Colleague: 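The structure is given below, and queries will be raised subsequently.
Here the structure is a predicted model, which is why all the values come from computation and not from measurement.
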Amino acid sequence: MSGRTGITTRRTGVAAMAAALFVVPASTFGAACKQEQAVYADRDGAYELRFAPLNSPSAAASNQFKVSALKTPVVMEGYVMPSEDPVRAIGILMFNCPEGDATGADLDACTVWQGAVYGMNAEGEVDNLQPEGAAAAEKLVLPGLGPAIRESSAWGEGKAVVAPWDVLTFKECAT
């Protein structure tokens, strides 16, 4: 009987190890994902931020992304650009901007949010969001995002009606 117990225990151990290999938190995959393929979600599941490749080596931006207010038609366009003194990754999020030539007033009217974009690693260390090609951050911090959306043209009946938290968590790696 002790042989059976040993075999049963061994099977349970192997089964447990196999199960552990397949039950890996999504955040673990963030390290294997490049920033331009990363998808993030807010804690309430109301928003999704999805990065996309810039497809231009001469672009002034270091990243581009879209923020969707889920269960609504609202999709906002965003870019991250490096700045200096101090070195920061600065993001801008826009909604319904005019196509083609736009004045400064036009851009001000369609800008939803602008500010620093921080990436957080698995150890909780915060740094500027890295450009595309770098490993995806585990979390994004966009200070003041929720209140800015609430005060923007993306807010209201038939649009966004839930303000996101300023921290978004890695959800998946888009292919």
Colleague: Could you measure the distance from the CG atom of N96 to the CD atom of E77? Nearest 0.5 Å is fine.
Modeller: 9.5 Å
Colleague: Tell me if the CH2 atom of W155 is crowded by more than 12 foreign heavy atoms within 6.0 Å.
Modeller: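 Above 12, so yes.
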Colleague: Could you tell me whether a side-chain N or O of D166 sits under 3.5 Å from a main-chain N or O of G146, the two making a donor and an acceptor?
Modeller: yes
Colleague: Donor-acceptor check, side chain of E132 to backbone of L54, threshold 3.5 angstrom: yes or no?
Modeller: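 Present.
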Colleague: Verify, without hydrogens or angle tests, whether D44 (side chain) and A46 (backbone) share a donor-acceptor contact under 3.5 angstrom.
Modeller: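 Side chain of D44 to backbone of A46: no pair is present.
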Colleague: Would you confirm whether E138, through its side chain, and T169, through its main-chain N or O, come within 3.5 Å as a donor-acceptor pair?
Modeller: no
Colleague: Is a donor on one side and an acceptor on the other found under 3.5 Å between the side chain of Q64 and the backbone of P53?
Modeller: yes
Colleague: Please check if the side chain of N63 supplies one atom and the backbone of V80 the other of a donor-acceptor pair under 3.5 Å.
Modeller: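 Checked: no pair found.
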Colleague: Given 3.5 Å as the limit, does a donor-acceptor pair link the side chain of T111 with the main chain of W113, or not?
Modeller: no
Colleague: Restricting to non-hydrogen atoms, name the atom on A38 and the atom on A136 that form the minimum distance, rounded to 0.1 Å.
Modeller: CB-CB, 3.7 Å
Colleague: Distance check, rounded to the nearest 0.5 Å: S153 atom OG versus M76 atom CE?
Modeller: 9.5 Å
Colleague: V167, V126: one ILVMFWY side-chain cluster at the under-4.5 Å cut-off?
Modeller: yes
Colleague: Hey, does W165 have a side-chain heavy atom less than 4.5 Å from the side chain of R43?
Modeller: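 Result yes, sub-4.5 Å side-chain heavy-atom pair found.
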Colleague: Listing request: all ring pair (Phe, Tyr, Trp, His ring centres under 6.0 Å) pairs with a residue in residues 53-100, at least two apart in sequence or in separate chains.
Modeller: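 The answer is F51-F65.
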Colleague: OG1 of T72 to CD of E157: how many Å apart, nearest 0.5 Å?
Modeller: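 Nearest 0.5 Å value for the OG1-CD distance: 13.0 Å.
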Colleague: Does N128 offer a backbone N or O that forms a donor-acceptor pair with the side chain of Q130 under 3.5 Å?
Modeller: yes
Colleague: Nearest 0.5 Å, please: how far is CG in L107 from CD1 in I92?
Modeller: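 That separation rounds to 7.0 Å.
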Colleague: Hey, could you give me the CG/CG distance between L142 and L93, rounded to the nearest 0.5 Å?
Modeller: 8.5 Å
Colleague: Which heavy-atom pair separates P143 from A116 by the least distance, and what is that distance?
Modeller: CD-O, 3.3 Å
Colleague: Can a salt bridge be assigned to the pair R50 and E48 using a cut-off of 4.0 Å between side-chain N and carboxylate O?
Modeller: yes
Colleague: If you measure only the distance, is there a donor-acceptor pair under 3.5 Å linking the side chains of D106 and T103?
Modeller: yes
Colleague: Please report the interatomic distance CD(Q35) to CZ(F170), rounded to the nearest 0.5 Å.
Modeller: 9.0 Å
Colleague: Would you say L129 and M120 are hydrophobically clustered, going by side-chain heavy atoms of ILVMFWY under 4.5 Å?
Modeller: no
Colleague: In sequence, state the C-alpha distance, the side-chain angles, and the governing distance for V67 and Y47, and then conclude on side-chain contact (heavy atoms from CB on, under 4.5 Å).
Modeller: CA-CA 7 Å; V67 174; Y47 286 82; 3.8 Å; yes
Colleague: Of all heavy-atom pairs between A160 and V74, which one has the smallest distance, and what is that distance?
Modeller: N-CG2, 3.7 Å
Colleague: Do other residues, nucleotides or ligands put more than 12 heavy atoms under 6.0 Å from K139 NZ?
Modeller: no
Colleague: Go through it in stages, so that I can follow the logic: the residues are L49 and L140, the test is side-chain contact (heavy atoms from CB on, under 4.5 Å), and I'd like the CA-CA distance, side-chain angles, deciding distance and then a yes or no.
Modeller: CA-CA 10 Å; L49 186 151; L140 298 179; 3.9 Å; yes
